There are 2 protein chains.
Amino acid sequence: MPRQTDARERMIRSAALLFRERGVDGTSFNDVIAHSGAPRGSIYHHFEGGKAQLAAEATQWAGEVILAGLADALAEDDVPAAIARLDEQWTRTLERSDFRAGCPIVAAAVEGDREPAARDAAAAAFARWQDVLAGALRARGLTPERASSIAALVVAGIEGAIVLARAQRSTEPLHRVTGELGRLVELASA
Amino acid sequence: MPRQTDARERMIRSAALLFRERGVDGTSFNDVIAHSGAPRGSIYHHFEGGKAQLAAEATQWAGEVILAGLADALAEDDVPAAIARLDEQWTRTLERSDFRAGCPIVAAAVEGDREPAARDAAAAAFARWQDVLAGALRARGLTPERASSIAALVVAGIEGAIVLARAQRSTEPLHRVTGELGRLVELASA
DNA sequence: GTCTATACGAAGATAGAC
DNA sequence: GTCTATCTTCGTATAGAC
């Protein structure tokens, strides 16, 4: 594994982490260099497409990391317990960052017009999360239609709650939302 | 009403409209000038605090406009019908803008660190919306605790669904989420 | 691969004339 | 109040040496 690959991976990882706090447009190459320790001179060697390519790859990478966490949670717990776990995970992210860090996929989604490739990566991430959740809900006996709708509500509700939590600098919206979502899933698949 | 006031109001309105598509950081004074037709030279006359002040005032203004629409819907319809109306309104906004426009309050919330005053205005707007919704839910017989939690889920769910809709360039997430939210409110207050 | 230097544009903000 | 001109900073991106 050549060091070159390491630098590239580190830049992607750093970009994704910085997107959570500063957004895509708000994260400069300088920020990524400083955070990753990668060398300045090789940016366009690794990312020929410039910032658009880095943004898209970082968004895709972040989407896959979050997907893996979601799949793990659903493999070990049932859906309501997995939702409670998401509550805990996002609570940690919010509190550790003093409410500066949100979801990098949301950042890429709301700046879609400026970085279309990153937006498309965000759309794909959202779709995969919904698919995984809907599958778990179907396994609980829900119809495909209902499973898809509740999966959409879970993803949208948690993402929206993270936005509210950042604005209000409080994890209360997140706890309220995940609590309701857990109750709803219990009720719908009872 | 002197023309000066008109120019100031127009700049605030234009800024809020542009925030929906480009975010706070992505909207420059040049953009606001071009959109509002306001004179260049008087920016710092009207907004002594520069862009931070314009961003905060535009966010506050947008929050109040949306609040008024929400209050109107709740005054005329019951909660599930009001949620259906929000679905229609946001569908129009998304489709008319070819999925470029989202919610300006979300834009201010996710760029919180760069514009703290705008973020605080976003937090206040979210809190007011939740208050109004929770009041309507209490009127349907829900306990204050439950009303607050469902109100949080409605706000977070719809805001999250708008983010998903922009990324996927489809109103389907919004329809699914508002459908589930309407069902949930019916069930919870039956 | 990585460096330095630089081109080029756009942003926010200020100064001073009118 | 509004204009024009300008300062400063910062961003992406490129060129060419090593």
Side-chain angles (χ1 to χ4, degrees), chain A residues 1-19 21-59 107-108 110-119, chain B residues 1-19 21-59 107-108 110-119:
Chain A
M1 200 83 76
R3 188 181 315 154
Q4 148 201 17
T5 304
D6 289 351
R8 194 176 193 281
E9 296 292 324
R10 277 205 315 275
M11 288 171 73
I12 290 173
R13 186 169 181 280
S14 290
L17 293 177
L18 293 168
F19 287 177
E21 302 199 11
R22 316 182 192 185
V24 179
D25 194 64
T27 300
S28 70
F29 275 129
N30 277 344
D31 295 333
V32 175
I33 293 308
H35 186 274
S36 65
R40 287 193 104 65
S42 60
I43 294 175
Y44 285 85
H45 172 71
H46 292 304
F47 301 97
E48 205 182 323
K51 185 170 175 179
Q53 187 185 346
L54 172 60
E57 292 199 33
T59 303
V110 300
E111 294 175 54
D113 225 46
R114 301 168 85 84
E115 294 291 355
R119 180 205 53 198
Chain B
M1 202 82 80
R3 187 182 314 152
Q4 149 201 16
T5 304
D6 289 353
R8 194 175 193 281
E9 296 293 322
R10 276 205 314 276
M11 288 172 74
I12 290 173
R13 187 172 181 278
S14 289
L17 293 176
L18 292 168
F19 286 176
E21 302 198 10
R22 315 182 193 185
V24 177
D25 194 64
T27 300
S28 69
F29 274 130
N30 277 343
D31 296 333
V32 175
I33 293 308
H35 186 274
S36 65
R40 283 195 106 62
S42 59
I43 295 176
Y44 286 85
H45 172 74
H46 291 305
F47 301 96
E48 205 182 322
K51 186 170 176 180
Q53 187 185 347
L54 173 61
E57 292 199 32
T59 303
V110 299
E111 295 175 53
D113 224 46
R114 300 168 86 84
E115 295 291 357
R119 180 206 53 197

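What you see is a predicted model; the values in this text were computed from it and never measured. So you know, we letter chains A, B, ... as the sequences are listed, proteins then strands, and number each from 1.
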Note to self: In this structure, how many angstroms lie between the C1' atom of D:dA13 and the CG atom of A:Leu54, rounded?
What the structure shows: 14 Å
Next item on the list: Please report the closest heavy-atom contact between B:Glu48 and B:Gln53, naming both atoms and the distance.
Entry: N-OE1, 3.1 Å
Margin query: Whole angstroms only, please: what is the CD-P distance between A:Glu48 and D:dT12?
Written below: 18 Å
Note to self: Expressed as a whole number of angstroms, how long is the span from B:His46:NE2 to C:dT14:C1'?
What the structure shows: 17 Å
Notebook entry, point to check: Hey, does the side chain of B:Ser42 come within less than 4.0 Å of D:dG1's phosphate (OP1/OP2), counting only N and O?
Noted result: no
Check: Within this structure, what is the CD1-to-P distance between B:Ile33 and D:dG1, rounded to whole angstrom?
Finding: 16 Å
Next item on the list: Send over the distance from A:Ile43 CD1 to D:dA13 P, rounded to a whole Å.
Entry: 10 Å
Note to self: Show the nearest heavy-atom pair for residues B:Gly26 and B:Asp31, with the distance to one decimal.
What the structure shows: O-OD2, 3.6 Å
Notebook entry, point to check: Which residues pass the side-chain contact (heavy atoms from CB on, under 4.5 Å) test with B:Ala16, sequence neighbours left out?
Noted result: B:Ala58, B:Trp61, B:Ala62
Note to self: When you measure from the side-chain N and O atoms of B:His45 to the phosphate of D:dC3, is any distance below 4.0 Å, counting only OP1 and OP2?
What the structure shows: no
Next item on the list: Heavy atoms under 4.0 Å is the rule here; annotate nucleotides 4-12 of chain C 5' to 3' with B where the base is hit, S where only the sugar-phosphate is, and - elsewhere.
Entry: -------SS
Note to self: Once rounded to the nearest 0.5 Å, what's the spacing between atom CD of A:Glu111 and atom CG of A:Asp25?
What the structure shows: 5.5 Å
Notebook entry, point to check: Is B:Arg8 positioned over the aromatic face of B:Phe47, cation under 6.0 angstrom from the ring centre and no more than 45 degrees off axis?
Noted result: yes
Note to self: Rounded to whole Å, please give me the gap between CE in A:Met11 and C1' in C:dT2.
What the structure shows: 12 Å
Next item on the list: Please list, chain by chain and in numerical order, all residues satisfying side chain to side chain donor-acceptor pair (under 3.5 Å) with B:Glu21, sequence neighbours excluded.
Entry: none
